[in-house]
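Below, all heavy atoms of this structure are taken into account, side chains as well, without hydrogens, waters or symmetry copies. Residue numbers start from 1 in every chain, and the chains themselves are labelled A, B, ... in the order their sequence lines are given, proteins ahead of strands.
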Protein chains: 2
Amino acid sequence: MEKNSGNNNKLVPQVSSKRATSYDVARLAGVSQSAVSRCFKTGASVSVKTREKVRKAADELGYQPNAIARGLITRRSNIVAVVITEFTTLNYPEMTSRLNEHLAKHDIHILLFTVGPQSDMTVVLDQIWQYQVDGIIASAPFSEAEIQRCAKRGIPLVFYNRICNDSAVSTVGCDHAEGVKILIDRLVRDGAKRFVVLSGPDDSAVARERLRGATEQIELHRLSMSVLGGDYTYESGVRLTQQVIDGSSLPDAFVCANDVMAIACIDTLRGADLAVPEDVKVVGFDGITVGQWHAYQLTTIEQPLDRMIEATVSMLLERIEDITLPAEKRLFAGKYIDGASA
Amino acid sequence: MEKNSGNNNKLVPQVSSKRATSYDVARLAGVSQSAVSRCFKTGASVSVKTREKVRKAADELGYQPNAIARGLITRRSNIVAVVITEFTTLNYPEMTSRLNEHLAKHDIHILLFTVGPQSDMTVVLDQIWQYQVDGIIASAPFSEAEIQRCAKRGIPLVFYNRICNDSAVSTVGCDHAEGVKILIDRLVRDGAKRFVVLSGPDDSAVARERLRGATEQIELHRLSMSVLGGDYTYESGVRLTQQVIDGSSLPDAFVCANDVMAIACIDTLRGADLAVPEDVKVVGFDGITVGQWHAYQLTTIEQPLDRMIEATVSMLLERIEDITLPAEKRLFAGKYIDGASA
DNA sequence: CTGAAAGCGCTTACAG
DNA sequence: CTGAAAGCGCTTACAG
């Protein structure tokens, strides 16, 4: 019925090439813009007839509601910030896509932020504020002040595999110390008496936890141990192992801060014609895929990534719904992998 | 000077707990809201005095401009969608954070989307439309129709390591066929005459390209070859290699679709007491870290990830600035890694 | 250099 | 069930 009027009507859409808005759909469907809006809101009361007209018009125009505009008014962006460090260990990058799969089920998307050694966390937080994210999942170091900034903003924050014992903040992690203790016990039962621990970087709380587990358990058994400081990399594993081989005596077992270093350790021992586990035993930590390959069959502790990811997502979603929920720390036990390296 | 007036002024901010807006800052600084806005726009003409007042007020209130509101009016979200598949090969997850580092320099952020076998790409594209992204980087299969949908929307699209020869769309990739040919030539020069190709999944265009390179070059040398169909996984590498070992005769060389399969191949050969490269040679493709570890020292082609990432970002940014730019395909040569497995 | 005003594309009481 | 209207927090001509 409506005539193709000229541009004197301020509701006339710029038909050419512009993306369709709810007004465009409303005009085509012959309903009000509010009606269109309701059709895209689940649970809104719209008659079947209206809904059908709108659906048709929307399809024709390729209309999709503008999430940006919606976010402005609902104050829910359905975006969660994921903060990771630039130099990720072998299993961390995977975490991002796994998180995404879980969050996607709730129509929530991930906006990615990386912090490097030179990039200031303050700058990253400012950017996060700008995007009005509904929550933050962090697998990067936050200072207490930075944690407080999130709290003050009312943005829920959950840490993934970060140790924040001294702060009342939600975390999901793996019980690193406990896992290492299981490994030590196993080694002791197999007769190991002298240990070399190849530790991870000093500035990693996770690495310190693993070291603490090793130290405490070896002391508990009143056995001897020496610690060499590595940094999680293959190269540091090679270097430290070679250092031990070149030394006066070989230990019974190498306890490595992660699987990558353990693999480096095995490679280096074999390169020196030492048999693993006959001459020396080696254990790692993480349960990375490579460790299970035939060449290594690493004895290690596998982190329950699935459970951890799931817990992270559900803890964050709960707190997005109810910001007053108290902080919670969830620690999962790792799974002992009975490989052939110990 | 200003009295603490009541709530009769509609500009009064909800002081308690609400996030500060430009109006709040304007009131505190004693300037107009437009002035505040200008202070956060680089290059806008604001007096030093105003700028200073605004800065102070903004700091006090912890104000950060709302990127959502800004995006609504500027029609630039400064968000780029990155679409990846759920089951990523070993080096793909890293891509995401590398892309992010490059894009962050331009104040652009990544909104992550994963597509799985069951999740419809149509749904993902709808979600992408909703977030008004400025561009799309895809490392997942798009149909021609889906590519056209992006074009129709006016959203620039760049593919990362995807072969789309039959479509006028921008892509960045590695010359897989050429890389394999280099490997074959090298093997031939070392005396290899009979080849077994462990191929990747049929539905991967990259895998088909690598297979094509192998086939063509082996035929060029008029040598014999047999192809066994794998799927990029370690397990398929083990299975196929074992199949060959159990067969009547051993080839001179295994040409594997990727490094992971090549590593599986080496492990399996060694498990059967065959020496690499003395008894059989093995080559891979990708240049993953693990391949360079001592146990393998894989002869392979390394993809120039840095260059590829950089090219992807710059091609996309150019097209965000000027959507009329023609599609472009950039193919980088891989780097021959002279390992010890061939 | 500055402020008043319009408008980006939605959601949501409100009245019918 | 439906429509008119206000408003989310910005940017940007426009006039001064």
K.L.:
B:Leu72 has an atom CG; how far is it from atom C1' of C:dC8, in whole Å?
P.N.:
4 Å
K.L.:
Can you check whether B:Ser97's main-chain N or O pairs, donor with acceptor, with A:Thr114's side chain at less than 3.5 Å?
P.N.:
no
K.L.:
Atom CD of A:Gln33 to atom C1' of D:dA6: distance rounded to whole Å?
P.N.:
12 Å
K.L.:
Applying salt bridge (charged side-chain N to carboxylate O under 4.0 Å, His left out) to A:Glu52 and A:Arg55, what does each step give before you reach the verdict?
P.N.:
CA-CA 5 Å; A:Glu52 187 51 29; A:Arg55 199 196 51 68; 2.8 Å; yes
K.L.:
Taking 4.0 Å as the cut-off, does a side-chain nitrogen or oxygen of B:Tyr63 come that near to OP1 or OP2 on D:dC10?
P.N.:
yes
K.L.:
For the side chain to side chain donor-acceptor pair (under 3.5 Å) test, which of B:Arg319, B:Glu318, B:Glu328 pairs with B:Ser170?
P.N.:
B:Arg319
K.L.:
Calculate the interatomic distance between B:Gln64 atom CD and D:dC10 atom C1'; express it in whole Å.
P.N.:
14 Å
K.L.:
So if I take residues 35-55 of chain B and measure heavy-atom distances to DNA chain C, which residues fall below 4.0 Å?
P.N.:
B:Ala35, B:Arg38, B:Ser45, B:Val46, B:Ser47, B:Thr50
K.L.:
Which distance, rounded to the nearest 0.5 Å, do you find between the CZ of A:Arg38 and the OG of A:Ser47?
P.N.:
10.5 Å
K.L.:
Say whether, by atom type as modelled, one donor and one acceptor occur between the side chain of A:Ser77 and the main chain of A:Gln132 under 3.5 angstrom.
P.N.:
yes
K.L.:
Between A:Arg70 (CZ) and C:dC8 (P), how many Å, whole number?
P.N.:
19 Å
K.L.:
CG of B:Leu61 versus C1' of D:dG9: gap in Å, rounded?
P.N.:
15 Å
K.L.:
Using a cut-off of strictly less than 4.0 Å, decide whether A:Ser32 has a side-chain nitrogen or oxygen near OP1 or OP2 of D:dG3.
P.N.:
yes
K.L.:
What nucleotide, of D:dT11, C:dA4, C:dC10, holds the atom closest to the side chain of B:Ser34?
P.N.:
C:dA4
K.L.:
To the nearest Å, give me how far apart OH (A:Tyr23) and P (C:dG7) are.
P.N.:
11 Å
K.L.:
Using only side-chain N and O atoms of A:Ser22, determine if any of them is under 4.0 Å from OP1 or OP2 of C:dC10.
P.N.:
yes
K.L.:
Using a 3.5 Å limit on both pairing distances, list the dot-bracket string of DNA chain C from the 5' end; Watson-Crick and G-U wobble pairs count, crossing pairs take [ ], interstrand pairs take |.
P.N.:
|||.||||||||.|||
K.L.:
To the closest 0.5 Å, what do you measure between CG (A:Leu28) and CG (A:Asp59)?
P.N.:
11.0 Å
K.L.:
Flag the pair A:Arg98 and A:Asp306 as a salt bridge only when some basic side-chain nitrogen lies within less than 4.0 angstrom of an acidic carboxylate oxygen.
P.N.:
yes
K.L.:
Are A:Glu146 and A:Lys152 ion-paired here, with the side-chain N under 4.0 Å from a carboxylate O?
P.N.:
no
K.L.:
Output the rounded distance in Å from CD1 (B:Ile68) to P (D:dC10).
P.N.:
11 Å
K.L.:
Going by heavy atoms closer than 4.0 Å, what residues in residues 127-134 of chain B are next to DNA chain D?
P.N.:
none
K.L.:
Out of curiosity, A:Arg27 CZ to A:Ser32 OG, how far, rounded to the nearest 0.5 Å?
P.N.:
14.0 Å
K.L.:
With rounding to the nearest 0.5 Å, note down the distance linking CG in A:Leu316 to CG in A:Asp134.
P.N.:
8.5 Å
K.L.:
Sub-3.5 Å donor-acceptor pair from the side chain of A:Lys329 to the main-chain atoms of A:Cys164, do we have one?
P.N.:
yes
K.L.:
With a 4.0 Å cutoff (strictly under), does any side-chain N or O of B:Arg75 reach OP1 or OP2 of C:dG9?
P.N.:
yes
K.L.:
Considering only NZ, NE, NH1 and NH2 on the basic side and carboxylate oxygens on the acidic side, decide whether B:Glu310 and B:Lys105 come within less than 4.0 Å.
P.N.:
no
K.L.:
Rounded to the Å, how far apart are A:Asn66 CG and C:dG9 C1'?
P.N.:
6 Å
